Peer 1: 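Below is the structure I would like to discuss, written out as structure tokens.
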Protein chains: 2
Amino acid sequence: MPEPFTVLAEPARRRILDLLLERPRLVGEISRELGITQPGTSKHLRVLREAGFVHVRADAQRRWYELRPAPLADIDAWLTPYRRLWNDHLDLLERHLDTMDSEGSEESG
Amino acid sequence: MPEPFTVLAEPARRRILDLLLERPRLVGEISRELGITQPGTSKHLRVLREAGFVHVRADAQRRWYELRPAPLADIDAWLTPYRRLWNDHLDLLERHLDTMDSEGSEESG
DNA sequence: AGCGCATATGCGCGCCTTGGTATATTAAAG
DNA sequence: CTTTAATATACCAAGGCGCGCATATGCGCT
């Protein structure tokens, strides 16, 4: 089970997610949109599925692939502690840190 | 110039970012923390630097590596259209979308 | 039952990346 | 100027990944 970031490292897979953001799609449709072979598409979809990015719904021999939020939400969560870097790069924080310099606040997790 | 996601696909590089989130660090320190060789560390740092994740400040023969927000903010931005998938998976939203206006009010440049 | 469509899987190749070791570079110190 | 510390680069071997091609599977249609 590859990690979310590894999965997203592939441009083709990100493009698939983009397509699925609009609506669920069939393999053939995705394949045509991306301009890659059907087996190639299936393999990318497999990776996405095994990592929980997409979910398949069977309809006869068709496979409807649809987006799944969990792994993306994971990445969103991973970003959380970093977000302050660009959300608030206020000097306020700097002086705040200075004030609590000698304070022992254990906050980790 | 590799893409952000490719850079983050490496666990070691994510660990480096975690370390740099606390404070700027020297190569040797990072190397010791990660338990990998110094050249290996330098190579990861190079990738991170070329992708804009980190910035180097020279101090004699020392190199202080510090975090840079841009690429992470890019990823954050990339996530934006997907965020509705888990922020509001309410049916409410569907009808609400038309009149929706709820956004935090902050200035960022 | 046989055919054709939609999709998945297996195999082999080539590339890119990683990790390690050895070495180059720059700066401080004696 | 030589030595030592800190870091970067070169080189090499190994592994993982994506790609294309061939093939297997499942299902509907006639």
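The structure displayed is predicted, hence computed values, not measured ones. Letters go in sequence order (proteins before strands), and every chain restarts at 1. Just so you know, these numbers use all the heavy atoms, side chains as well, and skip hydrogens, waters and symmetry mates.
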Peer 1: Roughly how many Å is it from CD in E10(A) to P in dC15(C), rounded to a whole number?
Peer 2: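 Rounding to the nearest Å, CD of E10(A) and P of dC15(C) are 17 Å apart.
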
Peer 1: Considering heavy-atom distances to DNA chain C, does P39(B) or H44(B) have its closest nucleotide positioned more toward the 5' end?
Peer 2: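 Going by which nucleotide is closer to the 5' end, it is H44(B).
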
Peer 1: Is the W78(A) to Y82(A) ring centre distance short of 6.0 Å?
Peer 2: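 Between W78(A) and Y82(A), the centre distance is under 6.0 Å.
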
Peer 1: Atom CD of E50(A) to atom C1' of dT9(C): distance rounded to whole Å?
Peer 2: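 Rounded to the whole Å, the gap is 12 Å.
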
Peer 1: From CG of L34(A) over to C1' of dT7(C), roughly how many Å is that when rounded to an integer?
Peer 2: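 Answer to the nearest Å: 15 Å.
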
Peer 1: Pick out which of V7(B), T6(B), I16(B) makes a side-chain contact (heavy atoms from CB on, under 4.5 Å) with V47(B).
Peer 2: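 By the side-chain contact (heavy atoms from CB on, under 4.5 Å) criterion, V47(B) pairs with just one of V7(B), T6(B), I16(B): V7(B).
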
Peer 1: Could you tell me the separation between the CZ atom of F5(B) and the C1' atom of dG18(D), rounded to a whole number of Å?
Peer 2: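 Atom-to-atom, F5(B) to dG18(D), this comes out as 19 Å.
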
Peer 1: Whole angstroms only, please: what is the CH2-P distance between W64(A) and dC27(D)?
Peer 2: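 Rounded to whole Å, this separation is 18 Å.
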
Peer 1: Starting from P on dT18(C), measure out to CZ on R15(B) and report it in whole angstrom.
Peer 2: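 Atom-to-atom, R15(B) to dT18(C), this comes out as 16 Å.
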
Peer 1: Please state how far atom CZ in R49(B) lies from atom P in dT9(D), giving the value in whole angstrom units.
Peer 2: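 Answer to the nearest Å: 7 Å.
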
Peer 1: Quick one: is R13(A) getting a side-chain N or O under 4.0 Å of the dG18(D) phosphate, OP1 or OP2?
Peer 2: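 For dG18(D), OP1 or OP2 has a side-chain N or O of R13(A) closer than 4.0 Å.
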
Peer 1: Drop me the distance from L34(A)'s CG to H44(A)'s NE2, to the nearest 0.5 angstrom.
Peer 2: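 The NE2 atom of H44(A) is 8.0 Å from CG of L34(A), to the nearest 0.5 Å.
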
Peer 1: Rounding to an integer number of Å, can you tell me how far I30(B) CD1 sits from dT7(D) C1'?
Peer 2: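 For the pair I30(B) CD1 and dT7(D) C1', the rounded distance is 12 Å.
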
Peer 1: Side chain of T37(A), heavy atoms from C-beta onward: which of dG20(D), dT21(C), dG4(C) has the nearest atom to it?
Peer 2: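 Out of dG20(D), dT21(C), dG4(C), the nucleotide with an atom closest to T37(A)'s side chain is dG20(D).
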
Peer 1: Which listed nucleotide (dT7(D), dT7(C), dG28(D)) is nearest to the side chain of L26(B)?
Peer 2: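 The listed nucleotide nearest to L26(B)'s side chain is dT7(D).
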
Peer 1: Of the nucleotides dT21(C), dC27(D), dA8(C), which one has an atom closest to the side chain of Q61(A)?
Peer 2: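 Selected nucleotide (nearest to the side chain): dC27(D).
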
Peer 1: Is there a donor-acceptor contact under 3.5 Å from the side chain of R25(A) to the main chain of L19(A)?
Peer 2: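 Present.
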
Peer 1: Do L8(B) and I75(A) come close enough that some side-chain heavy atom pair is under 4.5 Å?
Peer 2: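 They are not in contact (no side-chain heavy atoms under 4.5 Å apart), so the answer is no.
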
Peer 1: Tell me whether the OP1 or OP2 atom of dA8(D) has a side-chain N or O from Y65(B) closer than 4.0 Å.
Peer 2: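 So the side chain of Y65(B) is within the cut-off, an N or O lying under 4.0 Å from OP1 or OP2 of dA8(D).
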
Peer 1: Which nucleotide, dT7(D), dG20(D), dA6(C), lies nearest any side-chain atom of K43(A)?
Peer 2: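 Closest nucleotide among those given: dG20(D).
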
Peer 1: Strictly below 4.0 Å: does R46(A) bring a side-chain N or O up to OP1 or OP2 of dT9(C)?
Peer 2: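 Affirmative; the distance criterion is met.
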
Peer 1: What contact category does G28(B) fall into here, base, sugar-phosphate, or nothing, at under 4.0 angstrom with non-hydrogen atoms?
Peer 2: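 Counting heavy atoms under 4.0 Å across all strands, the contact made by G28(B) is with sugar-phosphate only.
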
Peer 1: Can you check whether any acceptor in the base of dA6(D) is under 3.5 Å from a donor in the side chain of Q38(B), or vice versa?
Peer 2: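 Such a pair does not exist between side chain and base.
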
